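What follows is a set of notes on a single structure, which appears directly below.
Note that the coordinates shown come from a computational prediction; the quantities given were computed from them, not determined experimentally.
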Amino acid sequence: MNGRFLTLLKREWLEARLAFFYFPLGALASLIVLVLLALLVSGFGDLNMVIESEGTGANLVLPGQWSNEDWAQRMTFFRSISTAPFFLIYVVGALFVLLGSLYDERKDRSVLFWKSLPVTDLETVLSKLVVATVVAPLVMIACVVLAQLFLLAVISVFLSTHDVGGVGSLWLNAGLVGGTFQYLLGFLIQALWVLPISGYLLLVSAAAPRLTLLWAIAVPVVPVLLEYVLFRTGYLSSGISRHMEPAALPNFLGDDERIMPVVTTVGEQLSLLISLDLWVGVLIGAAFVWGAAQLRGMKNEL
């Protein structure tokens, strides 16, 4: 990676740091504050948590008595629920950053200044794409790990003060190292998987005269409706939906009504790299990115 492209990445990061840095950091701070306030209000000694009830409240299975399967199930849920808010913030941020990146340059005419620099339109568009799909997830993952460490520490204190056991098993089954590796690998593959979507958003950002979100939603509707009316099929809508899903990521939001299967292992994540669906999407996404770069070279202002 040359120094010129690194400079472009720094520039794009500064432009998008509100959505990709301050919002997830604010979510992390809010989580910590809310949990601490809840503990101050209730107090560890006054908490009344039923771990698991089998039939009646008198027959409880405490954490110290949980099996490995019990821990695995609960920690999978813990990782999903602690990651989902940050993932949603990232997705919303990426949507608006990609839609606004090229449009805002034309709107405030700053594109005229940036085009005077010795960088190509394609390099500029690629830097926006890399920041949104590769750099920003690193910040999200860091916030997720910090949130999980904090929550695990709180749960550990709770288990210790209530003398129910399971603190060692909690940390052994937390999956921090393995889970973080899956997040990192998953987002690298996910960047390829969503390339047709992210490339399309950049294309809309470069082409739309105004109301980029409305254009991004409305444009695909026409071919989708035409396909259904003429052929009574839904291949296009299914393809769009598939590439909007977190296909390469561990289960963040549950598996209800998902088209792509939920990945649970590194092998399942890597298997997407030999998927024809992924590489067809990469070709389509690359065409969108190239089109966005060409439009940036022609449309300098609104």
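Placement of L192 and W290 in two distinct hydrophobic clusters is found when ILVMFWY residues are connected by side-chain heavy-atom separations under 4.5 Å, directly or transitively. L14 and L98 are assigned to two separate hydrophobic clusters, defined by single-linkage of ILVMFWY side chains at heavy-atom distances under 4.5 Å. No single ILVMFWY cluster, assembled from side-chain heavy atoms under 4.5 Å apart, contains both V224 and Y228. The hydrophobic cluster containing L149 also contains L151, counting ILVMFWY residues as joined when their side-chain heavy atoms lie under 4.5 angstrom apart, directly or transitively. Both V194 and L276 are members of a single hydrophobic cluster when ILVMFWY side chains are connected at heavy-atom separations under 4.5 Å.
When all heavy atoms are compared, the tightest approach of A293 to V125 is CA-CG2, 3.8 Å. The two atoms that bring L8 and T124 nearest to each other are CD1-N, 4.1 Å, heavy atoms only. Scanning both residues, V282 and L195, for their nearest heavy atoms gives O-CD2, 3.6 Å. Looking at every heavy atom in both residues, L203 comes nearest to G291 through CD1-C, 3.6 Å. In terms of heavy atoms, P137 sits closest to T133 at CG-O, 3.4 Å. Between G281 and P196 the shortest heavy-atom distance is O-CD, 3.3 Å.
A side-chain donor-acceptor contact under 3.5 Å links S271 to the backbone of E268. With hydrogens and angles ignored, the 3.5 Å screen pairs no side-chain donor or acceptor of W215 with any backbone N or O of P209. Side chain of Q190 to main chain of E245: a donor-acceptor pair is present (N/O by atom type, distance under 3.5 Å, no hydrogens or angles). Side-chain atoms of S82 come within 3.5 Å of backbone atoms of R79 as a donor-acceptor pair (strictly under, hydrogens ignored). Panel note: side chain S205, backbone Y103; a donor-acceptor pair is recorded below 3.5 Å. With hydrogens and angles ignored, the 3.5 Å screen pairs no side-chain donor or acceptor of Q269 with any backbone N or O of L249.
No more than 12 heavy atoms of other residues, nucleotides or ligands sit less than 6.0 Å from atom CZ of F21. Heavy atoms from other residues, nucleotides or ligands lying under 6.0 Å from CD1 of I274 number 12 at most.
Between F86 and Y183, the distance from one ring center to the other does not fall under 6.0 angstrom.
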* Decide side chain to side chain contact (heavy atoms under 4.5 Å, CB included) for L36 and V33; before the verdict, give the C-alpha distance in whole Å, the side-chain angles of both, and the deciding distance to 0.1 Å. => CA-CA 5 Å; L36 291 177; V33 170; 5.9 Å; no
* To do: Just do the side chain to side chain contact (heavy atoms under 4.5 Å, CB included) check on L272 and D277 with the steps written out, would you?
  => CA-CA 8 Å; L272 282 173; D277 198 355; over 6 Å; no
* Derivation and outcome, side chain to side chain contact (heavy atoms under 4.5 Å, CB included), residues V177 and F181 -> CA-CA 6 Å; V177 176; F181 176 76; 5.7 Å; no
* Are E15 and V97 close enough, and set up right, to give a side chain to side chain contact (heavy atoms under 4.5 Å, CB included), and what steps lead you there? -> CA-CA 9 Å; E15 292 284 339; V97 166; over 6 Å; no
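Put simply, the side chain of L270 reaches to within 4.5 Å of the side chain of L185, judged on heavy atoms. Between V289 and L122 there is a side-chain heavy-atom pair separated by less than 4.5 Å. You'll find the side chain of V92 stays beyond 4.5 Å of the side chain of F23, heavy atoms only. Residues V91 and L88 form no side-chain contact, since every pair of their non-hydrogen atoms from C-beta on lies 4.5 Å or further apart. Using a 4.5 Å cut-off on side-chain heavy atoms (C-beta onward), F96 and L213 make contact. Residues P24 and Y90 are not in side-chain contact: their nearest non-hydrogen atoms beyond the backbone lie 4.5 Å or more apart. The side-chain heavy atoms of Q182 and V266, taken from C-beta on, include a pair separated by under 4.5 Å. Proximity of L152 to M75: side-chain heavy atoms (C-beta onward) are separated by under 4.5 Å at one or more points.
Between atom CH2 of residue W171 and atom CG of residue L176 there is a gap of 6.5 Å, rounded to the nearest 0.5 Å. Expressed to the nearest 0.5 Å, how far OH of Y235 lies from CD1 of I240 amounts to 15.5 Å. Once rounded to the nearest 0.5 Å, the distance linking CZ of F20 with CE of M140 reads 12.0 Å. Atom CG of residue L283 and atom CG of residue L278 lie 10.0 Å apart, to the nearest 0.5 angstrom. Rounded to the nearest 0.5 Å, atoms CZ (F288) and CG (L129) are 13.0 Å apart. To the nearest 0.5 Å, atoms CG (L273) and CD1 (I189) are separated by 4.5 Å.
No side-chain donor-acceptor contact under 3.5 Å links R11 and T7.
Ring geometry, F187 versus F87: the interplanar angle falls from 30° to 60°, so the pair is classed tilted.
The side chain to side chain contact (heavy atoms under 4.5 Å, CB included) search around A216 returns L99, Y200, L201, V204, not counting sequence neighbours.
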